[in-house]
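Residue numbering restarts at 1 for every chain, and letters A, B, ... go by the order of the sequence lines. Fair warning: this is a prediction, and the values are worked out from it, not measured in the lab.
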Amino acid sequence: MKIVVLLSAGAHPVSSAPVLPRLEAQALRLALALGETTGLHAGPSAAPAADALGHGLGLLTHLATREGDDPIPALVAALKAETPDLVLAGRRGQGGEETGLAPYAVAAALGVTIVADAVALAPGAAPGSLVVEQALPKGARRRLVVRLPALVTVHPGAPAPGAYAYGVARRGRVDTIWGVAGSAAEPNPIAVEERPYRPRPKLMRSAPGTGSAAERLAAATGGMASSGANVLVQPTPDEAARAILEHLRRIGVLAPAVANKPAA
Amino acid sequence: MTRVRRDPRADRRAAQIASLDRPRFDLAGRAADGGPGRPRRNPRTEFAALRVTGAARPRFDRQHRGEGAVAQVVSAASTPNVIVVDAPAFLVAVVPDAPGGRLTQHDRQLFGAARTLAGAHGAVAALVAGEIEGLGAIGADRVAALASTQNYAPDVTAAALASAFAALSPRHLLFPETPDGGDLARRLALLTGEPLFPDVEQLSATSVSRAARGKRVAQRAAPARLMTLGADVVAPYSGPAREGRSEPLPTAEVSAPAITDARRIPADPATTPLTVADFVVSAGNGVTDIEAFRRLAEALGATPGASRVLCDAGLMPRASQVGASGSVLTATCYLALGVAGAPQHLQGVAGCEHVVAVNTDLHAAMIERAGLAIVQDAQLVMPALIAALESERAS
Ligand SMILES: Cc1cc2nc3c(=O)[nH]c(=O)nc-3n(C[C@H](O)[C@H](O)[C@H](O)COP(=O)(O)OP(=O)(O)OC[C@H]3O[C@@H](n4cnc5c(N)ncnc54)[C@H](O)[C@@H]3O)c2cc1C
Ligand SMILES: Nc1ncnc2c1ncn2[C@@H]1O[C@H](COP(=O)(O)O)[C@@H](O)[C@H]1O
């Protein structure tokens with residue numbers, strides 16, 4: 001299987017020094033376990049993405065573009081020429097706009113399927129297919145069978161990146177070619193005003209009442225959440241068990257008694 | 001006009017307070033009703049008024065919920081007023097996640113945000129696939145049904161959304177910034193060519209903002225047409241119920257999905273961290289049979305938790321402690337066995353949507369917090385639950 005990993009130039013979350021984003025190192029690990037992998041970076045300098053060589057990447061193709069150019073046309077042109085079976089990307093960039101739109105733009109231009117938030121990849125039973133395990137909220141997963149070619153974005157829950165090794169990095173190669181000169185990145189289509197970030201307090205699920213101390217405590221502990229509770233006093237254990245199971249099924253945390261077929 | 005003449009001696013006599021030993025006077029006139037000065041509170045009589053009559057041991061209703069709450073419920077039920085917006089100036093559309101047809105807290109917050117953007121003249125439209133109950137109550141003026149797909153097919157759903165977007169042309173379209181909602185929003189942004197303002201952290205009727213460049217800058221803009229909203233950013237809609245009138249949509253042609261098979265794998269309770277688990281069953285000091293508790297957690301497929309007492313005693317691992325000094329849960333359901341419900345424990349449970357409590361004490365705080373409360377010995381209920389689950393599995 002021919003795989004291309006899209007590697008961006010990220011900024012370190014603490015020092016903002018240019019580094020390879022962790023998510024893309026994770027994508028690289030998934031790719032290396034699956035088949036023949038190359039890296040692709042579009043931008044003025046290959047240095048940050050070249051960290052990927054130390055994680056086991058053999059060849060990084062650097063599409064040189066001018067500072068401030070839109071990388072999407074260059075990436076799309078290179079991928080059209082290469083026709084890989086699978087393209088991997090991070091679910092969000094790191095240190096840039098962090099919109100996560102780049103993989104969708106690439107997939108739309110290539111006309112391939114896009115699957116988001118993969119944590120595990122495996123070759124499918126049928127040739128030309130791929131089994132993708134997607135991360136869902138609350139620890140659930142979804143296993144998909146996808147027809148190739150496809151573009152898959154990687155979730156932070158994927159296996160941790162492989163270790164960086166200097167010797168391995170020395171053996172890797174960076175090919176720099178001129179990328180398709182895209183128009184200058186269109187200035188953000190939404191007019192934004194930037195200011196230094198100030199963390200915002202998270203909304204409290206139950207806003208504290210302005211009332212007495214007892215009311216504020218009740219708000220903080222969710223005490224007001226249930227009025228008119230359904231109280232069973234001294235039921236027989238079997239009655240209690242039935243009431244609990246029925247309630248759990250009604251709110252949907254327990255699978256129905258009869259159906260054991262998996263839901264999509 | 002003649003002024004009434006004051007007799008200072010008579011005034012003083014009137015201010016005298018009945019007392020046994022020596023004469024005392026209330027010269028500020030506090031004792032009399034409507035007199036000048038601040039009314040004096042008598043904490044003892046106030047506290048005595050809180051006492052619940054009929055309880056075996058003294059209990060005090062500090063929230064005054066005894067009669068007041070009941071009266072409130074009756075008045076609310078007798079005037080069911082539903083807000084109807086007949087000819088809205090514009091629409092604000094919302095695409096809730098609603099996994100399995102159930103609205104999440106994040107979905108409710110989405111409707112709160114849509115209501116903020118809609119203001120007095122707009123209407124909130126929910127775009128949903130399949131039947132979802134209670135959309136009117138959480139703030140939907142209109143409900144438009146998307147063609148539901150049998151399997152997971154985000155490309156088909158995005159195409160249906162694009163045609164709905166063209167048909168309704170809402171002023172704003174909001175998604176939750178969750179794996180599925182965020183995915184759909186980005187697909188739609190590419191399909192429609194409409195710019196997306198993702199992961200909104202602050203929202204008002206006139207501006208939205210988000211973090212960028214590793215949380216170094218905040219980007220502020222006027223509300224965009226396509227936006228995704230982060231969790232716990234806007235409070236859910238809490239006003240009176242809305243109409244939830246169904247809005248017809250033209251049917252979109254459906255292409256063949258590229259995903260040939262999709263299967264949902266439920267979370268493994270053994271590996272799911274307590275903080276993200278969907279269903280937590282927890283034991284308190286009232287549970288003496290820990291072995292039965294472990295078997296129950298496994299039979300229910302729930303993540304086991306515990307109160308601090310059990311963790312301190314070494315009966316449960318420290319990582320399973322729920323509460324202020326343990327894990328703060330985000331579970332949908334919390335089943336508490338023999339937990340008294342100390343404030344430090346309840347802080348960990350505050351985010352849970354449903355609470356079920358089993359306790360021998362009718363007056364435990366956990367029973368008060370619970371939606372379903374069982375006043376019974378946990379040692380009897382646990383084996384009964386396990387037996388009920390086993391007999392269901394066998395049949
Ligand atoms: C700074 C600080 C931080 C703390 N942080 C936490 C925290 O993070 N998490 C936490 O849990 N606690 C915390 N605590 C401790 C907390 O105050 C309580 O002491 C603790 O939660 C009580 O645990 P419990 O409800 O299991 O035990 P108890 O208070 O002993 O309650 C046992 C309950 O079980 C019931 N019961 C008894 N027998 C049975 C039976 N056979 N069947 C059914 N029910 C029965 C009783 O009626 C009672 O309601 C903290 C305390 C402090 C001071
Ligand atoms: N200039 C680039 N070169 C290669 N890949 C990129 C580039 N920009 C973004 N990507 C990929 O797109 C993903 C999401 O980026 P973003 O849309 O900026 O959040 C990243 O994790 C990368 O995999």
Side-chain angles (χ1 to χ4, degrees), chain A residues 11 13 16 95 97-101 104-105 108 113 116-117 136-147 189-195 197 200 202-203 205 214-215 217-218 220-223 226-227 229-235 237-238 240-241 244-245 247 251-253 257 262-264, chain B residues 62-63 69 100 102 151-152 178-179 183 186 190 195 197-198 201-202 211-221 224 232-233 235 258-267 272 276 278-279 332-333 343 346-347 349-351 354 356 369-376 380-381 384-385 388 392:
Chain A
S16 42
E97 291 288 303
E98 298 174 4
T99 56
L101 276 168
Y104 288 86
T113 320
D117 296 328
L136 295 182
K138 310 228 177 205
R141 299 279 161 91
R142 186 160 46 205
R143 189 171 294 151
L144 310 173
V145 180
V146 186
R147 236 182 286 123
I190 301 173
V192 296
E193 168 202 346
E194 288 194 350
R195 48 178 71 184
Y197 181 74
R200 293 179 180 281
K202 281 257 174 194
L203 177 88
R205 281 281 161 92
E215 280 166 20
L217 179 65
T221 55
S226 71
S227 52
N230 184 6
V231 183
L232 298 184
V233 181
Q234 296 295 344
D238 288 325
I244 292 176
L245 291 183
H247 184 75
I251 62 183
V253 288
Chain B
R62 290 193 172 80
Q63 288 150 28
R102 283 170 207 281
N151 233 328
Y152 171 72
T178 52
D183 182 46
R186 287 172 178 83
L190 263 295
F197 196 81
E201 261 196 6
Q202 173 272 330
R213 288 198 222 120
K215 295 215 160 163
R216 284 196 167 68
V217 298
Q219 299 183 329
R220 230 167 106 102
D232 292 343
V233 166
I259 294 169
T260 51
D261 183 41
R263 179 185 304 268
R264 198 187 159 93
I265 307 164
T272 316
V276 301
D278 191 38
F279 180 22
T332 307
C333 181
L346 285 180
Q347 274 175 41
V349 190
H354 303 279
V356 180
R369 169 72 174 83
L372 171 67
I374 311 278
V375 182
Q376 183 55 279
L380 299 177
V381 175
L385 269 173
E392 275 173 10

Peer 1: Any side-chain heavy atom of B:Arg263 sitting closer than 4.5 Å to one from A:Arg142?
Peer 2: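 No, their side chains stay 4.5 Å or more apart.
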
Peer 1: Against chain A, label B:Val217 side chain, backbone, both or neither, depending on which of its atoms sit under 4.5 Å from a heavy atom there.
Peer 2: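 The answer is both parts of B:Val217.
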
Peer 1: Just so I understand: if I count every heavy-atom pair under 4.5 Å between each of B:Thr272, B:Thr332, B:Asp278 and chain A, which residue has the most?
Peer 2: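 It is B:Asp278.
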
Peer 1: Only pairs of heavy atoms separated by less than 4.5 Å count here; which of A:Ile244, A:Ile251, A:Leu245 has the most with chain B?
Peer 2: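 Between A:Ile244, A:Ile251, A:Leu245, the count favours A:Ile251.
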
Peer 1: Measure the spacing between CG of A:Leu136 and CZ of B:Arg264 and express it to the nearest 0.5 Å.
Peer 2: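 Output value for this atom pair is 5.0 Å.
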
Peer 1: Below 4.5 Å from any heavy atom of chain B, which atoms of A:Ala108 appear? Answer side chain, backbone, both or neither.
Peer 2: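 Only the side chain of A:Ala108 comes within 4.5 Å of chain B.
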
Peer 1: Flag the one option from A:Leu101, A:Asp117, A:Thr113 with the top tally of heavy-atom pairs under 4.5 Å to chain B.
Peer 2: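 Between A:Leu101, A:Asp117, A:Thr113, the count favours A:Leu101.
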
Peer 1: Heavy-atom distance under 4.5 Å to chain A: side chain of B:Leu190, backbone, both or neither?
Peer 2: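 Side chain only.
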
Peer 1: Could you tell me whether B:Arg213 and A:Glu194 make a salt bridge, using a distance below 4.0 angstrom between a side-chain N and a carboxylate O?
Peer 2: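 Salt bridge flag = yes for A:Glu194 with B:Arg213.
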
Peer 1: Top residue by heavy-atom pair count (under 4.5 Å) with chain A, among B:Ala267, B:Gly214, B:Ala224, B:Ala218?
Peer 2: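 Highest number of heavy-atom pairs under 4.5 Å: B:Ala218.
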
Peer 1: By a 4.5 Å heavy-atom criterion (distance strictly below it), what part of B:Arg102 contacts chain A: side chain, backbone, both, or neither?
Peer 2: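 Contact with chain A is through the side chain of B:Arg102 alone.
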
Peer 1: Does A:Pro235 offer a backbone N or O that forms a donor-acceptor pair with the side chain of B:Gln376 under 3.5 Å?
Peer 2: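 Yes, the answer is positive, given that a donor and an acceptor are paired below the 3.5 Å cut-off.
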
Peer 1: What's the verdict on side-chain contact (heavy atoms from CB on, under 4.5 Å) for B:Val375 and A:Leu232, showing C-alpha distance, side-chain angles and the deciding distance?
Peer 2: CA-CA 6 Å; B:Val375 182; A:Leu232 298 184; over 6 Å; no

Peer 1: Using a 4.5 angstrom heavy-atom cutoff, name the option from B:Pro179, B:Ala212, B:Pro266 with the most pairs to chain A.
Peer 2: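 The answer is B:Pro179.
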
Peer 1: Which heavy atom of B:Ala388 sits nearest to which heavy atom of A:Ala241, and what is that distance?
Peer 2: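 Looking at all heavy atoms of both residues, the closest pair is CB-CB, 4.4 Å.
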
Peer 1: Checking A:Tyr197 against B:Gln219 for the side-chain contact (heavy atoms from CB on, under 4.5 Å) test, could you report, in this order, the C-alpha distance in whole Å, the side-chain angles of both residues, the deciding distance, and whether it holds?
Peer 2: CA-CA 8 Å; A:Tyr197 181 74; B:Gln219 299 183 329; over 6 Å; no

Peer 1: What part of A:Asp238 lies closer than 4.5 angstrom to a heavy atom of chain B: side chain, backbone, both or neither?
Peer 2: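 Both parts, backbone and side chain.
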
Peer 1: Could you check whether any side-chain N or O of B:Arg186 sits under 3.5 Å from a backbone N or O of A:Thr99, counting only pairs where one atom can act as donor and the other as acceptor?
Peer 2: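 Pair found, side chain donor or acceptor close to backbone of A:Thr99.
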
Peer 1: Once rounded to the nearest 0.5 Å, what's the spacing between atom CZ of A:Arg143 and atom CG of B:Asp261?
Peer 2: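 One finds 10.0 Å between CZ of A:Arg143 and CG of B:Asp261.
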
Peer 1: Most heavy-atom pairs under 4.5 angstrom with chain A, which of B:Val381, B:Ile374, B:Leu380?
Peer 2: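 So the answer, after comparing B:Val381, B:Ile374, B:Leu380, is B:Ile374.
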
